[in-house]
Engineer: 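Here it is, the structure in full.
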Amino acid sequence: MTSVRIDIHAHLWSDEYLSLLDSYGRPGTDVHRGLGAGATRDDLDGRFALMDEAGVDLQILTATPASPHFEDETAAVASARFINDEYAKLSREYPERFRALASLPLPHIPAALDELARAMDELDMFGASITTSVLGRSIADPIFDPLYEELNRRGAILFVHPAGCGAESSLITDHSLTWSIGAPIEDTVAIMHLIVAGIPSRYPDMKIVTCHLGGALPMVLERADRQVTEWEATQCPEAPKDAARRLWYDTVGHDHTPALRAAVESLGADRLVFGSDFPYQGGARYVSSATYIEDGVSAEDASLILDHNGAELLGLRSP
């Protein structure tokens with residue numbers, strides 16, 4: 001197997017891109033500024049130094065949750081093309097450091113398919129990144145089927161990141177819990193929406209990657225398996241425990257070893273891929289996002305998670 005340490009969950013937002021989103025009326029972009037996740041020389045040098053310290057060879061860049069999702073198609077297309085061109089330029093300039101997943105102008109499916117083709121065929125991207133819901137729509141909505149069909153045809157990645165909407169619940173957003181518990185709840189809901197809709201089995205060659213150890217999935221997988229199959233969603237075409245093994249899960253667990261071990265035991269070390277959530281785990285926390293794996297599970301499992309599974313997921317092979 002190829003041994004290369006790949007960070008599947010790393011963000012980069014230039015000030016120019018965030019300002020473009022601002023111009024189209026996107027709220028909340030200031031939260032992504034001033035974190036060292038820009039494209040300036042200082043930002044990149046700081047990022048590369050942390051990658052070296054953590055032994056990370058390659059980061060897969062994603063714009064989520066600052067995704068180009070707009071009801072206005074013109075705004076969505078212009079924003080998607082801008083960020084994809086930025087990522088392609090960075091990947092050409094630093095091919096040993098960066099590759100990327102495409103941002104798509106959702107929910108506009110014909111335009112999204114055009115941009116996906118451009119991103120994969122011309123910009124050399126591995127697939128697409130979307131949020132756990134798109135402007136309030138479940139990602140299991142049939143509107144997205146043509147996108148999944150194309151990703152499946154290509155054997156490409158679908159990276160799913162929390163939207164930061166608190167799962168559309170005021171019980172989360174009105175109580176300052178949007179990211180602390182709202183994000184993993186969004187992960188869990190999105191995964192179960194996909195499973196109940198049968199998307200992992202309908203599109204078996206699409207590589208679905210979700211965040212944060214699958215949210216609460218390691219804790220509730222047996223409950224979901226029994227209740228979904230026995231009475232609550234009997235139309236589900238596949239047992240949730242089987243469907244869950246078709247997905248991949250990044251290791252962003254905020255260095256909480258019990259959560260990592262639960263994911264290994266529930267989902268399998270072979271389904272976990274290293275992720276940092278840079279810049280939200282920056283500085284010393286960037287390094288510990290790797291060392292907590294080395295310290296928390298067996299050497300064999302840590303080697304798979306840190307240095308082999310990512311290459312398998314991306315289809316990278318030794319020369």
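Quick caveat: nothing in here was measured; it's all calculated off a predicted structure.
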Engineer: Relative to the ring of Phe98, is the ring of Phe48 parallel (under 30°), tilted (30 to 60°) or perpendicular (over 60°)?
Structural biologist: tilted

Engineer: Got a salt bridge between Arg246 and Asp205, using NZ or NE/NH1/NH2 to carboxylate O under 4.0 Å?
Structural biologist: no

Engineer: Do Glu186 and Cys165 come within less than 4.5 Å of each other through their side chains, counting heavy atoms only?
Structural biologist: yes

Engineer: Can a side-chain donor-acceptor contact be found between Asp307 and Ser3 if the only test is distance below 3.5 angstrom?
Structural biologist: no

Engineer: Does Leu58 form a side chain to side chain contact (heavy atoms under 4.5 Å, CB included) with Glu96? I'd like the steps, not just the answer.
Structural biologist: CA-CA 6 Å; Leu58 185 69; Glu96 303 303 316; over 6 Å; no

Engineer: Transitively linked via ILVMFWY side-chain contacts under 4.5 Å: Leu260 with Ile191?
Structural biologist: yes

Engineer: Closer than 3.5 angstrom, by distance alone: can the side chain of Thr64 be matched with the main-chain N or O of Ser67 as a donor-acceptor pair?
Structural biologist: no

Engineer: To check you understand the geometry: which heavy-atom pair defines the closest contact between Ile143 and Ile109, and what is its length?
Structural biologist: O-CG1, 3.3 Å

Engineer: Do Thr188 side-chain atoms and Ala216 backbone N/O form a donor-acceptor pair below 3.5 Å?
Structural biologist: yes

Engineer: So if you build clusters from Ile, Leu, Val, Met, Phe, Trp, Tyr with side-chain heavy-atom gaps below 4.5 Å, do Leu50 and Leu306 land together?
Structural biologist: yes

Engineer: Does a side-chain heavy-atom distance below 4.5 Å link Ile8 with Phe274?
Structural biologist: no

Engineer: Indicate yes or no: at least one non-hydrogen side-chain atom of Tyr286 is less than 4.5 angstrom from one of Arg47.
Structural biologist: no

Engineer: So, does His69 use its side chain to make a donor-acceptor pair with the main chain of Val134 at under 3.5 Å?
Structural biologist: no

Engineer: When the ring planes of Tyr17 and Phe82 are compared, do they come out parallel, tilted or perpendicular, using 30° and 60° as the limits?
Structural biologist: parallel

Engineer: Run Glu149 and Met206 through side chain to side chain contact (heavy atoms under 4.5 Å, CB included) and show every step you take.
Structural biologist: CA-CA 8 Å; Glu149 289 171 4; Met206 177 173 66; over 6 Å; no

Engineer: Identify the two heavy atoms, one from Ala119 and one from Ala102, that lie closest to each other, and give their separation to 0.1 Å.
Structural biologist: CB-CB, 3.5 Å

Engineer: Could you tell me the separation between the CD1 atom of Ile185 and the CD1 atom of Ile172, rounded to the nearest 0.5 Å?
Structural biologist: 4.0 Å

Engineer: Is there a donor-acceptor contact under 3.5 Å from the side chain of Ser303 to the main chain of Ala299?
Structural biologist: no

Engineer: Roughly how far, to the nearest 0.5 Å, is OG of Ser91 from CZ of Arg99?
Structural biologist: 6.5 Å

Engineer: Roughly how far apart are His256 NE2 and Arg261 CZ, rounded to 0.5 Å?
Structural biologist: 10.5 Å

Engineer: Give the cluster check for Phe159 versus Leu213: same hydrophobic cluster or not, with ILVMFWY residues linked at side-chain heavy-atom distances below 4.5 Å.
Structural biologist: no

Engineer: Mark yes or no: Arg202 above the aromatic ring of Tyr148, with NZ or CZ under 6.0 Å from the six-membered ring centre and no more than 45 degrees from the axis.
Structural biologist: no

Engineer: What distance separates Ile83 CD1 from Leu18 CG, expressed to the nearest 0.5 Å?
Structural biologist: 8.0 Å

Engineer: Would you confirm whether Ser298, through its side chain, and Asp301, through its main-chain N or O, come within 3.5 Å as a donor-acceptor pair?
Structural biologist: yes

Engineer: Taking Leu272 as the starting point, is it possible to reach Val160 by hopping between hydrophobic residues whose side chains are less than 4.5 Å apart?
Structural biologist: yes

Engineer: Taking the side chain as every heavy atom from C-beta outward, state whether Arg153 and Leu151 have any atom pair closer than 4.5 Å.
Structural biologist: no

Engineer: Is the closest basic N to carboxylate O distance between Arg5 and Asp57 below 4.0 Å?
Structural biologist: no

Engineer: Rounded to the nearest 0.5 Å, what's the gap from CD on Glu71 to CG on Leu106? Could you check?
Structural biologist: 11.0 Å

Engineer: Please check if the side chain of Asn309 supplies one atom and the backbone of Trp248 the other of a donor-acceptor pair under 3.5 Å.
Structural biologist: no

Engineer: Locate the shortest heavy-atom distance separating Asn84 from Leu123; write the atom from each residue and the value.
Structural biologist: O-CD1, 3.8 Å

Engineer: So, do Gln235 and Val196 sit near enough that their side-chain heavy atoms are less than 4.5 Å apart?
Structural biologist: yes

Engineer: Distance-only, no hydrogens or angles: does the Thr257 side chain make a donor-acceptor pair with backbone N or O of Gly296 under 3.5 Å?
Structural biologist: no

Engineer: Are Glu122 and Arg81 close enough for a salt bridge, meaning some N to O gap below 4.0 Å?
Structural biologist: no

Engineer: So does Arg285 pair up with Asp277, basic N to acidic O under 4.0 Å?
Structural biologist: no

Engineer: For the residue pair Asp187 / Thr210, report whether a side-chain donor-acceptor contact shorter than 3.5 Å exists.
Structural biologist: no

Engineer: Let's go through Arg271 and Asp250 carefully: what are the C-alpha distance in whole Å and the side-chain angles of both, what is the deciding distance for salt bridge (Lys or Arg N to Asp or Glu O under 4.0 Å) to 0.1 Å, and is it a yes or a no?
Structural biologist: CA-CA 9 Å; Arg271 307 310 293 180; Asp250 79 31; over 6 Å; no

Engineer: So, Asp22 versus Ser19: side-chain donor-acceptor pair below 3.5 Å or not?
Structural biologist: no

Engineer: Quick one: are Ile60 and Asp7 in side-chain contact, heavy atoms under 4.5 Å?
Structural biologist: no

Engineer: To check you understand the geometry: which heavy-atom pair defines the closest contact between Ile305 and Val264, and what is its length?
Structural biologist: CD1-CG2, 4.2 Å

Engineer: For Ser138 and His193, test the side chains for any donor-to-acceptor distance below 3.5 angstrom and give the result as yes or no.
Structural biologist: yes

Engineer: Short question: side chain of Tyr249, backbone of Leu217 - any donor-acceptor pair under 3.5 Å?
Structural biologist: no

Engineer: Any side-chain heavy atom of Pro218 sitting closer than 4.5 Å to one from Leu267?
Structural biologist: yes

Engineer: Could you tell me whether the side chain of Gln281 and the main chain of Ser276 form a donor-acceptor pair under 3.5 Å?
Structural biologist: yes

Engineer: Determine whether the side chains of His254 and Tyr280 contain a donor N or O and an acceptor N or O closer than 3.5 Å.
Structural biologist: no

Engineer: In this structure, would Leu147 and Leu101 fall into the same cluster of hydrophobic residues linked by side-chain contacts under 4.5 Å?
Structural biologist: no

Engineer: Using modelled atom types only, decide if a donor and an acceptor are shared between the side chain of His108 and the backbone of Phe70 within a distance under 3.5 Å.
Structural biologist: yes

Engineer: For the CG atom of Leu158 and the CD1 atom of Ile139, what is their distance to the nearest 0.5 Å?
Structural biologist: 6.5 Å

Engineer: Is there side-chain contact between Leu21 and Ser79, with at least one heavy-atom pair below 4.5 Å?
Structural biologist: yes

